[in-house]
Every structure is written in structure tokens, then in C-alpha cells.
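Written out below as C-alpha cells is the structure these notes cover.
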Amino acid sequence: MNLPTRVKLVDVGPRDGLQNEKQPVPAAVKIELVQRLQDAGLREIEVTSFVSPRWVPQMADNAEVMAGIRRQPGVRYSVLVPNMKGWESAVLAKPDEIVVFGAASELFSQKNINCSIAESIARFAPLVAAARAANVQVRGAISCAVGCPYEGEVAPERVELVARLMKQIGVQRVDVADTIGVGTPLKVQRAMEAALRHYGLDDISGHFHDTYGQALANTYAALALGVWNFQSSVAGLGGCPYAKGATGNVATEDVVYMLHGMGIETGIDLDRLVDAGRYISDFLQRKPNSRAATAILNKRA
Ligand code: HMG
Ligand code: MG
């Protein structure tokens, strides 16, 4: 097995986590969450998305949040952008990276961004070019890489196709995303291997929602292939508004606990991360959706 010695985590809590919250979360709370994540050692944070406020009202304060964060050198702040209209607003907010988000399933593409896979690639192409010309990094998310809420199981060939199309238009790295958390380790490895046909190990990340409790096992399966970039969400926040019933991403606290226990470096201070998770969970008036955070908080009490 080719386990990495170091892992880089992107905390997507402020974006993937909060986008699904029904109650309003003020920009000041989102800004404070970003601050606490960087103070805990996160070096990549997905802050917000420049999508239609009619589709995702919780992200309507995107510009305010981006203007309010206190940027720290060495931290990469990313934002989701679905089209040129989103890019025109996003560029003013000076992100380090934009994320275009496509899908390996036709029906999910339609429900999430209102166009087919082919149309999505045609929409992304000019904005990828604009971002690259402006020296902004470009990541691509491949949703429903193992399963879709509308189509069921998704074949690795679908992931291979979207990875190929993203590569052709200049997307620099890709997230293999189990949007609804139905994947199990071997299926996740097949999806990863499909994306690895077009991207190197340094340019692939795992993005696992934890609906069926498989996300840590899936993370381990990806690590075994040598994948060392992952997305996770502090306190296990979140879900996608266009994937009903799907829960949040794997909790960052759980991933960090597992990695540190395996001697894999993350640069993250688990105690401070638990505090960041408690901060947002207190605001949302619920307990962190993380077993490691719960155990650490119980031990402290
Ligand atoms: P559309 O309705 O087809 O867009 O939506 P349109 O181009 O026809 O425009 C309709 C209206 O929206 C117009 O306004 C546009 O100006 C406006 P009107 O003239 O009617 O007043 N508009 C915008 N406004 C602000 N920002 C924009 C924008 N674009 C158009 N960027 C669109 C298409 C893509 C905009 C819409 O479907 C959308 O916003 N979808 C976003 C859905 C979303 O955010 N989903 C969650 C994120 S993805 C995710 O969570 C998965 C991930 O975590 C990985 C995984 O787990 O799988 C990444
Ligand atoms: Mg997601």
C-alpha cells in the first residue's frame, strides 16, 4: 500500500456545509468560522459560492463574506462559480481558486445547474479561460461520481468522461464527489481510478458525504491509492440542496483524528478544530455531527 505521509484538507464547511441551512446565518458568523478554521491550521477553505441567490439563498452574501475574511498568507480561499455571470462577481472578490461543478449524471446536472453535462462543459470553458488568464486556480467538482439521487448507480466510465472533458478545457484539478454518500470503498476506488486516467495523484481529491456512514472508509480507500487531497466539513455540516436526504460531508474532525492516528501529517490542530466546530454548532443550536468532536468534548467536560 502506498499511503501518503501528508494530507491536505479543504474545509468546505462554510460553503457545502452552510448552503443547505434553512435558518439565516449572518455573514459575520461565516467570517468568524473561516477565521477559526484558518487559526486551527486549515490551509484551504471553500468560503462561498457565486450562484443564483434564487437557487441557493444562503450564499447570497457571497461578496460580503469574501470582503470580510481576514486573509492569511499561505491559505487558499476558493469559491464555487457555475457560469460567466458568477465569474463576473467572483473575480471582484479575489478568490485564489474557483470551483466549477459538473456531474457524472445527466439528471443531477439538470437539477443542480439546469443544463446537460455537455452544456455545462461549454459554459465552463470561457470561465475557466478567464480565470486562468487572471491567474486564478481552477478546480472542478465531479458530482455523483458513484451514485445519483435520480439515476441510481453511476459507472466509472461516466467519471472518466467528465474528467476528460474538464481536462480538455483547462481545469487544473478535480474532486471526485460522492454527493449523496452512497459509495463504498471499492466503488470509490474505481471512480478515483477513472479520474486518475486524466489527472495525476497530486491533482485529485476525494469529496465524500457521509449519508451511509461510509465516508471514513472511503477516505481510507482513496488514501490506499495514494490520493492525499480531501474535502471535509467542520462538524460534518451540510448537504446539497439538490440532493434531498443527503447529509453533510465527512466531518473534518473525524478525518483529522484518523489521519493523525495513522501518523499522517495534516498541519491541523485538532483541539482548535473542535472549537471551530463547536462555535458553528452552537450557533446552529445543535451538536457537532462528528464522533471525534463529541468524544473530545465529552472528555473535556
Ligand atoms: P438558470 O436559471 O438556468 O440561469 O440557473 P440563467 O442563466 O437562465 O439565469 C436566470 C437568472 O439567474 C437571471 O436573473 C440571471 O441573471 C441569474 P434574472 O434575469 O431572472 O433576474 N443568474 C445568476 N445570478 C447570480 N449568480 C449567478 C447567476 N447565474 C444566473 N452565477 C444556475 C443556472 C447555474 C445559475 C443555477 O442553476 C444555480 O445557481 N445553481 C447552483 C446550484 C448550487 O449551488 N448547488 C449546490 C452547489 S453544488 C454541490 O453542493 C456539490 C459539490 O459539493 C460536490 C458534491 O458533493 O457533489 C460541489
Ligand atoms: Mg458536496
Side-chain angles (χ1 to χ4, degrees), residues 10-21 46-63 66 78-93 95 97-105 107-117 119-124 126-127 130 139-151 154 158-159 162 166 171 173-183 188 191 195 205-211 215 218 230-233 236-252:
V10 184
D11 199 291
V12 297
R15 194 283 303 169
D16 204 339
L18 295 181
Q19 71 182 7
N20 213 28
E21 287 299 329
E46 210 169 86
V47 179
T48 185
S49 48
F50 286 82
V51 298
S52 161
R54 284 209 204 134
W55 285 61
V56 186
Q58 187 63 261
M59 297 286 110
D61 58 3
N62 43 32
M66 285 298 281
S78 53
V79 301
L80 262 61
V81 180
N83 54 17
M84 278 309 278
K85 169 136 183 118
W87 165 252
E88 282 155 18
S89 314
V91 68
L92 304 175
E97 183 176 63
I98 61 156
V99 184
V100 293
F101 48 108
S105 136
L107 281 177
F108 187 79
S109 180
Q110 288 290 354
K111 299 270 188 195
N112 195 41
I113 51 174
N114 208 20
C115 64
S116 68
I117 294 171
E119 284 163 345
S120 74
I121 297 294
R123 273 187 202 173
F124 298 154
L127 83 96
R139 177 151 58 86
I142 306 176
S143 287
C144 298
V146 282
C148 168
Y150 311 105
E151 290 184 11
V154 171
R158 308 294 304 170
V159 179
V162 180
M166 286 196 173
V171 172
R173 53 184 192 145
V174 288
D175 311 331
V176 176
D178 183 8
T179 314
I180 54 170
V182 288
V188 163
S205 56
H207 177 118
F208 306 130
H209 286 260
D210 201 27
T211 319
N218 292 338
F230 294 92
Q231 279 119 41
S232 57
S233 185
L237 295 172
C240 175
Y242 298 97
K244 287 227 177 320
T247 66
N249 295 82
V250 64
T252 309

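All values derive from a computational prediction rather than experimental measurement. When a ligand or atom number is given, it counts from 1 through the structure's own listing order.
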So for [X], does at least one of its heavy atoms come nearer than 4.0 angstrom to any atom of ligand 1?
X   : result
M59 : no
S89 : no
R54 : yes

Quick check against the 3.5 Å criterion: does [X] have a side-chain atom that pairs as donor or acceptor with the backbone of [Y]?
X    : Y    : answer
H209 : I180 : no
Q19  : V56  : no
S109 : C115 : yes
T211 : A246 : no
T252 : S233 : yes

Work out which heavy atom in [X] is nearest to a heavy atom in [Y]; give both atom names and the distance.
X    : Y    : answer
M59  : P14  : CE-O, 3.6 Å
V154 : S105 : CG2-CB, 4.3 Å
F101 : V51  : CZ-CG1, 3.7 Å
N112 : W55  : O-CZ3, 3.5 Å
S120 : I113 : CB-CD1, 3.7 Å
Q231 : V12  : CG-CG1, 3.7 Å

**Request:** Before giving the answer on side chain to side chain contact (heavy atoms under 4.5 Å, CB included), spell out for N20 and Q58 the whole-Å C-alpha distance, their side-chain angles and the decisive distance to 0.1 Å.
**Result:** CA-CA 7 Å; N20 213 28; Q58 187 63 261; over 6 Å; no
Ligand 1 contact on [X] by region, counting heavy-atom pairs under 4.0 Å:
X   : answer
V51 : both
R15 : side chain
S52 : both
L80 : side chain
V56 : side chain

Residue [X] vicinity, atoms of ligand 1 by number, heavy atom under 4.0 Å:
X    : value
H209 : 56 (O)
N112 : 37 (O), 40 (N), 41 (C), 42 (C), 43 (C), 45 (N), 46 (C), 48 (S)
F50  : 26 (N), 27 (C), 31 (N)
P53  : 24 (N), 25 (C)
N114 : 1 (P), 2 (O), 3 (O)
I113 : 33 (C), 34 (C), 37 (O)

Could you tell me the separation between the [atom1] atom of [X] and the [atom2] atom of [Y], rounded to the nearest 0.5 Å?
X    : Y    : atom1 : atom2 : answer
N83  : R123 : CG    : CZ    : 6.5 Å
M66  : L92  : CE    : CG    : 11.0 Å
L237 : T247 : CG    : OG1   : 11.0 Å

**Request:** Evaluate the side chain to side chain contact (heavy atoms under 4.5 Å, CB included) criterion for residues R15 and V99: first the C-alpha distance (whole Å), next the side-chain angles of each, then the deciding distance (0.1 Å), finally the verdict.
**Result:** CA-CA 11 Å; R15 194 283 303 169; V99 184; over 6 Å; no
Would you check whether [X] has a nitrogen or oxygen atom less than 3.5 angstrom from a nitrogen or oxygen atom of ligand 1?
X    : answer
Q19  : yes
R123 : no
S49  : no
H207 : yes

For [atom], is the nearest protein heavy atom closer than 4.0 Å?
atom                    : answer
atom 1 (P) of ligand 1  : yes
atom 13 (C) of ligand 1 : no
atom 39 (O) of ligand 1 : yes
atom 7 (O) of ligand 1  : no
atom 35 (C) of ligand 1 : yes

**Request:** Distance to 0.1 Å, residue and atom name: give those for the protein heavy atom nearest to atom 30 (C) of ligand 1.
**Result:**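 Of every protein heavy atom, N83 ND2, 3.7 Å lies nearest to atom 30 (C) of ligand 1.
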**Prompt:** Among all protein non-hydrogen atoms, which one is nearest to atom 16 (O) of ligand 1, and what is the separation to 0.1 Å?
**Reply:**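 Nearest protein contact, heavy atoms only, for atom 16 (O) of ligand 1 is K85 CE, 3.1 Å.
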**Asked** Between the candidates S105, C148, S143, which shows the shortest non-hydrogen contact distance to atom 54 (C) of ligand 1?
**Response**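 Among S105, C148, S143, the closest heavy atom to atom 54 (C) of ligand 1 belongs to S143.
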Without placing hydrogens or testing angles, list every side-chain donor-acceptor pair under 3.5 Å for residues 139-150, not counting sequence neighbours.
{"unit_1": "R139", "atom_1": "NE", "unit_2": "E97", "atom_2": "OE1", "d": "2.9"}
{"unit_1": "R139", "atom_1": "NH1", "unit_2": "E46", "atom_2": "OE2", "d": "3.3"}
{"unit_1": "R139", "atom_1": "NH1", "unit_2": "D175", "atom_2": "OD1", "d": "3.4"}
{"unit_1": "R139", "atom_1": "NH1", "unit_2": "D175", "atom_2": "OD2", "d": "2.7"}
{"unit_1": "R139", "atom_1": "NH2", "unit_2": "E46", "atom_2": "OE2", "d": "3.0"}
{"unit_1": "R139", "atom_1": "NH2", "unit_2": "S78", "atom_2": "OG", "d": "3.3"}
{"unit_1": "Y150", "atom_1": "OH", "unit_2": "Y242", "atom_2": "O", "d": "2.7"}

**Atoms named by residue and atom, protein N, O or S, within reach of the Mg ion (ligand 2) (under 2.8 Å)** =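 Counting only protein N, O or S atoms under 2.8 Å from the Mg ion (ligand 2), the list reads D16 OD2, H207 NE2, H209 NE2.
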**Pair L127-V81, side chain to side chain contact (heavy atoms under 4.5 Å, CB included): steps then yes or no** = CA-CA 9 Å; L127 83 96; V81 180; 3.9 Å; yes
**Prompt:** Can you find a heavy atom in the side chain of F208 that is under 4.5 Å from one in the side chain of V188?
**Reply:**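 A side-chain contact under 4.5 Å exists here.
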